[in-house]
Amino acid sequence: MSIYDTLNPMQQEAVLQTEGPVLILAGAGSGKTRVLTHRTAYLIEECGVNPYHIMAITFTNKAAGEMRERVDDLVGFGAESVWVSTFHSTCVRILRRYIDRLGYDNRFTIYDSDDQKTLMKDICKRMNIDTKLHRERSFLSAISRAKDELVSPEEFALNVGMDFAKRKQAEVYQEYQKMLFRNNALDFDDLIMKTVELFRADPEVLDNYQERFRYLMVDEYQDTNTAQFQLIKTLAGKYRNLCVVGDDDQSIYKFRGANIYNILNFEEEFPDARVIKLEQNYRSTQNILNAANSVIANNVGRKPKALWTDNDEGDKVDFQQFDTGYDEADYVTAEIGRRVQEGECSYGDCAILYRTNAQSRLFEERFVLSGIPYKVVGGVNFYARREIKDLLCYLKTIDNGRDDLAVRRIINVPKRGIGAATLAKVQQYANDEEMSFYNALKLAADIPGLGRAAAKIKPFVDFIQVMRSKVPYLSLPQLLKDILETTDYLEEFRNETEEEVLARRENIDELISKAASYEEKSRGEGREPSLSGFLEEVALVADIDGLETGSDYVVLMTLHSAKGLEFPQVYLAGLEDGIFPSYMTICSDDPMEIEEERRLCYVGITRAMERLTITSARMRMIRGETQYNKVSRFVREIPAELFGRTSQKKEKEQPALQKRVDEAYRQAQNAFKKKPLMQTGAELYARAAANAGSGASKESGPGYEVGDRVRHLKFGEGTVTNIVSGGKDFEVTVDFDTYGVKKMFAVFAKLKKC
DNA sequence: GAAGGCGGTCTTTTT
DNA sequence: GACCGCCTTC
C-alpha cells in the first residue's frame with residue numbers, strides 16, 4: 001500500500017495530473033495541503049523529477065513552513081531542495097541576485113507600511129499637498145493598486161485624462177517611486193512588480209528561473225493579484241507545468257488587489273487546463289458545514305459547487321445575543337473556562353474570531369481577569385513597536401547608509417540635541433548635492449548655516465562608522481547590545497513608568513533573541529548569517545507567522561488572519577449588521593462588496609471542526625460612540641433548525657454583584673489605559689510562568705495557604721478563602737478587600753503573600 | 001529644542 | 001477610545 005492510497009479519488013487525480021496546467025478547486029477543509037504535499041512526493045518519487053525543479057508558493061511564512069515540514073515528512077531524500085516559499089520572499093531572493101540589472105543596488109531595504117507613510121508624509125510636505133484634503137493613505141492605496149496591476153508611474157500618468165485627483169496621484173506616484181529609488185528601497189508591492197519587470201527586461205535571468213522551476217504549485221490562488229499572476233504565468237511560460245489551488249468562495253482580499261478573475265478565468269487563460277474539484281470536507285461536522293453552505297448560497301457570483309461531509313452531525317450551532325459587548329466577552333470567557341474545566345477541550349482548541357482588531361480588547365481584559373492564557377494575532381505588530389523600529393533603523397543605517405528614512409528616524413534618538421531646523425538644512429544640502437542624507441551628515445562641517453549643530457552630528461556619524469567596522473567581528477546580538485550600551489538607548493524612556501520601561505526592555509530582549517535564533521537557523525541551513533539577511537527576514541514576517549502550533553492558549557484574531565487555519569472550538573463574535581458585515585459594505589452601492597463579506601463569514605464558519613458559537617451584542621462602543629445594531633444578516637441566513645440553545649435574553653445577575661463587577665472592570669480598564677504596552681496574554685503567561693517558582697508549581701504548592709493575606713497586581717490585597725488542586729495548576733479563591741471574591745489560577749494570578 | 005496639552009480624525013480587513 | 005499633528009510654554 002502506498003501513501004497515495006489514503007487519498008480519495010479526486011485527490012488522487014489531482015496528485016497524478018503532474019503535467020500541464022491544472023486548476024484544483026478545493027473547498028474549505030477538503031485536504032488541499034495534503035494534495036499539494038503528496039503531489040510533490042509523487043513528482044519526486046514516481047516521476048523522477050529532481051526536487052530542485054519543484055516550487056511551491058504560498059502567501060504566509062506560516063503556510064510555507066507547514067508545507068515544508070509536511071513535505072520533509074513525506075519525502076525521505078532531497079526534500080530540502082524543493083523551493084517552498086512565499087511570493088514575497090521568493091521575489092526578494094531573486095532581486096537580491098539580479099536587481100542591479102534594473103539599476104538598483106542589490107543591498108536594497110524593504111519598506112513596511114510605516115515607512116511608506118513616513119515617506120509619503122515627506123513627499124506631501126515637499127509638494128505642498130494639503131493632507132487634510134488628500135490623505136496620505138489615499139495616495140498610498142492608489143499607488144498600491146497601480147502596482148498590483150503592474151501600472152508604472154509613467155503609464156499611470158498617461159491614463160489620468162482630465163481627472164484632477166488622478167493627475168495629482170500620478171505626480172505623487174512618480175515622486176514616491178523616485179524617492180524609493182534614491183533610498184535604495186522597495187515597498188511590498190515593488191517586490192513583485194520589480195521581479196516581473198526584471199523578467200521582462202532580461203531574458204537570460206528569466207530563462208535561468210524557468211529552467212529551475214519546471215513544476216510550479218500555487219496555494220490560495222484566489223488571493224493572487226494581477227502582478228502575482230503575471231509572475232507565475234511568466235515563470236511557468238516555458239514548461240507550462242502550473243498547478244494552482246484555490247477556492248473562489250474564500251476570496252477575501254479584494255481590497256488588497258486580489259483579482260478573482262485569476263481563478264474564474266483560469267480555463268480561458270489556459271484552455272488545456274485540467275480542472276479538478278475537491279468537494280469532500282474532512283474538517284467540520286454536518287451542522288457546521290450546513291451553516292456555512294446556507295450562508296454562502298446567498299452569493300450570486302460563484303462557481304457552483306457542493307461541499308459535503310461524511311462526518312457526524314455534531315452539536316448544534318450555539319447563537320447568543322447579548323445587551324453589550326461586555327456581556328458577550330463574559331459569556332465567551334465563561335464558556336471557554338467551563339469547557340476546559342470540564343475536560344471537554346483545552347485552551348489551545350479555542351479560537352475567537354472577529355471582524356476588526358479593535359474587538360479583541362474586551363476579550364483580552366476578561367481573559368486577564370480570569371487568568372485564561374491567550375494570544376492575540378495581529379493588532380500592533382511586534383516589529384512596529386517603537387523601540388524595535390528604532391533598533392532596526394540603527395541596524396539599517398549601519399547596513400545601508402542609503403536609507404534616509406532610517407537615518408532620520410534615529411539621528412535624534414536618544415536625544416542628541418539635533419532638531420527639525422538642523423535636519424532641514426542637512427536635507428537641503430543632500431538634495432542640492434544629490435547625495436544621501438547620511439553622506440550629507442558626514443560632511444556636516446561643510447554645510448553652511450549649521451554652526452554649532454555640526455558638532456552634535458559628528459559623534460553620531462563617528463559612532464555609525466565605528467559600528468560598521470565592527471560588523472564583521474560581532475554577532476548580531478552583540479551588535480545590538482553594543483548599540484544599546486553605546487547610545488544609552490533606554491535613556492530615551494527616562495520619563496516613562498518603571499513598568500513601561502520593563503515592557504520595552506522585554507521587547508528588546510526578544511529582538512536580541514530573535515537575532516540569535518536567526519543566526520543559528522542560517523548556520524543550520526548552511527548559510528552565513530548577515531545583517532542584511534536578518535533585516536530582510538524581519539521585514540517579511542506576518543503576524544500570523546508567530547502562531548505556534550501545539551501551544552495551549554486561546555487564540556484571538558481577525559477573520560482574515562484565520563484563513564487556512566482550523567480549530568475544534570470556534571467563537572464568531574460581533575455578528576451584527578454594521579460590524580459584520582461592516583457599515584461601509586452595507587452602504588456601498590457595489591453589491592459585490594457584501595458578497596466579499598459573506599465569503600469572509602463563510603471562511604469563519606468553516607474554521608470550526610466540532611463546535612461553533614456565534615455571538616452578537618445589541619449595543620456596542622465603537623470609536624468612543626455607543627451604537628445599536630441588529631443581528632447580522634449572515635446569522636439570519638442560517639436555517640433555524642441548525643441552532644441549538646439559542647438565547648436572546650441575558651440572565652441578569654444580582655444587581656449588587658453586577659455593580660461590583662462593573663466597578664472592577666472600570667478599574668481594570670483604567671489599569672490598561674495607563675499601560676499602553678500591556679503585554680499579550682501569552683507574554684503575561686510567559687512572565688507568570690517564569691515567576692512560577694515563587695508562585696505555583698504542582699509539587700511545592702502555590703506558596704500560600706487558606707487564610708493567608710495575599711497581594712494581586714490589579715486587585716490589591718485580599719484573603720485566600722480556598723485552594724483547589726486542578727490539573728496542572730491550583731485554582732485559588734481570594735476575597736479581595738475592594739474587588740470582592742475572585743477565582744483565579746495560581747500560575748497566572750501571580751499572588752504574593754504579604 | 002523639548003514637553004505637555006488640545007482638538008481633529010479615524011479603521012475594516014494585510015503580505 | 002486612541003493616535004496624530006499642531007500649538008503653547010518652558
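So that the names make sense, note that chain A is the first sequence line, chain B the second, and so on, each numbered from 1.
Relative ring orientation between Tyr518(A) and Phe534(A) is described as tilted, the plane-to-plane angle lying within the 30° to 60° band. Between Tyr374(A) and Phe367(A), the angle of the ring planes lies from 30° to 60°, which puts this pair in the tilted group. Taking the six-membered ring for Trp and thresholds of 30 and 60 degrees, Phe199(A) and Tyr209(A) have ring planes inclined between 30 and 60 degrees apart.
Residue ring and nucleobase are stacked for Phe255(A) and dT13(B), with a centre distance beneath 5.5 angstrom and an angle between planes beneath 30°.
Across all strands, Asp223(A) comes closer than 4.0 Å to no nucleic acid atom at all (heavy-atom distances). If you check every strand for non-hydrogen atoms under 4.0 Å, Arg135(A) touches sugar and phosphate atoms only. Base contact: Ser582(A) has a heavy atom under 4.0 Å from a base atom. Counting non-hydrogen atoms under 4.0 angstrom, Phe188(A) reaches a base of the nucleic acid. Nucleic acid contact for Arg599(A): none, since no nucleic acid atom lies under 4.0 Å from a heavy atom of the residue. Among the atoms of the strands shown, none is found under 4.0 Å from any heavy atom of Thr86(A).
Straight-line distance from the CD atom of Gln627(A) to the P atom of dT11(B): 15 Å, rounded to whole Å. Rounded to an integer number of Å, the gap from Glu596(A) CD to dT14(B) P is 13 Å. Separating the CG atom of Leu423(A) from the C1' atom of dG1(B) is a distance of 11 Å, rounded to the nearest angstrom. Remark: C1' of dT14(B) and CG of Leu600(A) are 12 Å apart, rounded to the nearest angstrom. In this entry the distance linking OH of Tyr602(A) with P of dT13(B) reads 24 Å, nearest Å. Between the OH atom of Tyr221(A) and the P atom of dT15(B) there is a distance of 21 Å, rounded to whole Å. We find that CE of Met557(A) is positioned 14 Å from C1' of dT13(B), with the value rounded to whole Å. With rounding to whole Å, Leu540(A) atom CG is found 9 Å from dT15(B) atom C1'.
For dA2(B), the OP1/OP2 oxygens have a side-chain nitrogen or oxygen of Asn412(A) closer than 4.0 Å. The shortest distance between the side-chain N/O atoms of Arg137(A) and the OP1/OP2 oxygens of dT11(B) is below 4.0 Å. In this structure, Thr422(A) reaches the dG1(B) phosphate: one of its side-chain N or O atoms is under 4.0 Å from OP1 or OP2. Remark: Asn357(A) is not in phosphate contact with dT11(B), judged by side-chain N or O atoms under 4.0 Å from OP1 or OP2.
Side-chain atoms of His560(A) stay outside donor-acceptor range of the base of dT14(B), with no qualifying N/O pair under 3.5 Å.
In this structure, Arg145(A) fails the cation-pi test against Phe255(A), since its NZ or CZ atom is not both closer than 6.0 Å to the six-membered ring centre and inside 45 degrees of the ring normal. Relative to the six-membered ring of Phe437(A), Arg408(A) meets both conditions, a distance below 6.0 Å and an angle of at most 45° to the axis.
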Distances under 3.5 Å only, N/O to N/O: pair up the protein atoms with those of nucleotides 4-10 of chain C.
{"unit_1": "dG5(C)", "atom_1": "OP1", "unit_2": "Lys121(A)", "atom_2": "NZ", "d": "2.3"}

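Residues Tyr176(A) and Gln116(A) have side chains that bring a donor and an acceptor to within less than 3.5 angstrom of each other.
For Glu593(A), there are no side-chain hydrogen bond (donor to acceptor under 3.5 Å, both in side chains) partners at least two apart in sequence or on another chain.
Residue whose closest nucleotide on DNA chain B sits further toward the 5' end, between Glu593(A) and Asp189(A): Glu593(A).
For dT13(B) and dC4(C), the C1' atoms lie 22 Å apart once the distance is rounded to whole Å.
Each of Thr558(A), Asp247(A), Asp223(A) was scored for a side-chain hydrogen bond (donor to acceptor under 3.5 Å, both in side chains) with Lys563(A), with one residue passing: Asp223(A).
In this structure, of dG1(C), dT15(B), dT13(B), it is dG1(C) that holds the atom nearest to the side chain of Arg361(A).
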